[in-house]
Q: 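Dumping the structure here so I can ask a few things about it.
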Amino acid sequence: MREILYRGKLVQNGAWVYGYYCKMGETTYAFEEDYQKYPVKTFHMIAQESMTDWGLPNKLRLYEIDPETVGQYTGKNDRNAKKIFEGDILRNDSTGEIVSVWWDEDHCCFVCRGGEVSPVQVGSVSYQSTIIGNVHENPEILEQKGDKT
């Protein structure tokens, strides 16, 4: 079974947190007109399982994250066995090419964009690439090479 994993930056301090993504409305109304009168705030969360004590049920902890930073694990690792997430920036160690990782709706797969060729699937370059940053913390890497994807 493939690993389904997400990451996002905490609203409180900007630290990365890893787990399962979910979004939740602050409340629920019975009538549609109530939603129009009183808009419901949506929370974007990462859920993590947390151990309590031996023999007791584990807890589910929820962390509020910035929805702009949510990225899914691609299922692939770089050459150093580091997990590649959507939004990561990779450097191809044999060509020096720098690309960013994105979900491609048209082809239903994660792709690398920003290189000399059209987008390629992450799996075809991951084994020869190294993660050198991500678009949320290191956008200057892409800006230096003139790629603002």
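Nothing here was measured: the structure is a model prediction, and the numbers come from that model. For this chain, numbers begin at 1 and follow the sequence in order.
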Q: Under the 3.5 angstrom rule, does the side chain of Asn80 hit a backbone N or O of Lys82 as a donor-acceptor pair?
A: no
Q: Are the side chain of Thr69 and the backbone N or O of Lys9 linked by a donor-acceptor pair below 3.5 Å?
A: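 Confirmed, Thr69 side chain pairs with Lys9 backbone.
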Q: Under 3.5 Å, side chain of Asp78 to main-chain N/O of Ile131, donor-acceptor pair present?
A: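 Checking the backbone N and O of Ile131 against the side chain of Asp78, a donor-acceptor pair under 3.5 Å is found.
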Q: Answer whether the closest heavy-atom distance between the side chains of Phe85 and Val101 falls below 4.5 Å.
A: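 Side chain of Phe85 against side chain of Val101, heavy atoms only: no contact under 4.5 Å found.
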Q: Mind checking the CD1-CH2 spacing from Ile65 to Trp16? Nearest 0.5 Å is all I need.
A: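 The CD1 atom of Ile65 sits 9.0 Å away from the CH2 atom of Trp16.
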Q: Any chance you could lay out the side-chain contact (heavy atoms from CB on, under 4.5 Å) test for Tyr20 and Leu62, step after step, and finish with the verdict?
A: CA-CA 9 Å; Tyr20 307 97; Leu62 296 174; over 6 Å; no
Q: Val111 versus Cys109: any side-chain heavy-atom pair under 4.5 Å?
A: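 In contact.
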Q: Just wondering, are more than 12 heavy atoms of other shown residues or ligands nearer than 6.0 Å to CD in Glu3?
A: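 Yes.
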Q: For Val99 and Gly114, work out which heavy atoms get closest and say how close.
A: CG1-C, 4.2 Å
Q: Looking at CD1 of Ile98 and CG of Leu90, how far apart are the two atoms once the value is rounded to the nearest 0.5 Å?
A: 10.0 Å
Q: Is there a path of hydrophobic side-chain contacts, each under 4.5 Å between heavy atoms, that joins Tyr38 and Tyr35?
A: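 Per the 4.5 Å side-chain linkage, Tyr38 and Tyr35 are co-clustered.
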Q: Let me see the working for Val122 and Ser129 under side-chain contact (heavy atoms from CB on, under 4.5 Å), right down to the final yes or no.
A: CA-CA 10 Å; Val122 171; Ser129 297; over 6 Å; no
Q: Are any side-chain N or O atoms of Tyr63 and backbone N or O atoms of Leu10, one a donor and one an acceptor, separated by less than 3.5 Å?
A: no
Q: Would you give the length of the straight line joining atom NZ of Lys83 to atom OG1 of Thr74, rounded to the nearest 0.5 angstrom?
A: 10.0 Å
Q: Test your reading of the model: is there a side-chain donor-acceptor pair from Gln48 to the backbone of Tyr18, 3.5 Å cut-off?
A: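 Yes, because the side chain of Gln48 sits within donor-acceptor range (under 3.5 Å) of the backbone of Tyr18.
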Q: Between Tyr29 and Val40, is there a side-chain heavy-atom distance shorter than 4.5 Å?
A: yes
Q: Would Trp103 and Cys108 satisfy side-chain contact (heavy atoms from CB on, under 4.5 Å), going step by step from the backbone distance to the final call?
A: CA-CA 7 Å; Trp103 176 255; Cys108 299; 4.2 Å; yes
Q: Report the distance from atom CZ of Arg7 to atom CG of Asp88, rounding to the nearest 0.5 Å.
A: 4.0 Å
Q: Hey, which of Val135, Ile89, Asn134 is the one that makes side chain to side chain contact (heavy atoms under 4.5 Å, CB included) with Ile141?
A: Ile89
Q: Count I, L, V, M, F, W, Y as connected when their side-chain heavy atoms are under 4.5 Å apart, and connections chain through other members. Are Tyr73 and Ile84 then in the same cluster?
A: no
Q: When clusters are formed by joining ILVMFWY residues with side-chain heavy atoms under 4.5 Å apart, either directly or through shared neighbours, do Val70 and Ile4 land in the same one?
A: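 Same cluster.
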Q: With a sphere of 6.0 Å drawn around NZ of Lys76, does it hold more than 12 non-hydrogen atoms of other residues, nucleotides or ligands?
A: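 Result for NZ/Lys76: open.
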Q: Are more than 12 heavy atoms from other residues, nucleotides or ligands located less than 6.0 Å from atom CZ of Phe43?
A: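 Check passes, neighbour count above 12.
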Q: Taking all heavy atoms of Glu140 and all of Glu137, pick out the closest pair and write down the distance.
A: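 Smallest heavy-atom distance, with atoms named: OE1-O, 4.0 Å.
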Q: Is the ring pair His44/Tyr21 parallel, tilted or perpendicular, if the boundaries are 30 and 60 degrees?
A: parallel
Q: Among Asp93, Thr130, Asn92, which one satisfies side chain to side chain donor-acceptor pair (under 3.5 Å) with Arg79?
A: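 Between Arg79 and the candidates, side chain to side chain donor-acceptor pair (under 3.5 Å) is satisfied uniquely by Asp93.
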Q: Would you say Ser50's side chain and Lys59's backbone share a donor-acceptor pair under 3.5 angstrom?
A: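 Answer holds: no.
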Q: Where do Pro57 and Thr52 come nearest, in terms of heavy atoms and distance?
A: O-OG1, 2.9 Å
Q: Rounded to the nearest 0.5 Å, what separates atom CZ in Arg91 from atom CD in Gln128?
A: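 Answer rounded to 0.5 Å: 12.5 Å.
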Q: When you measure from the side chain of Asp104 to the backbone N and O of His107, does any donor-acceptor pair fall under 3.5 Å?
A: yes
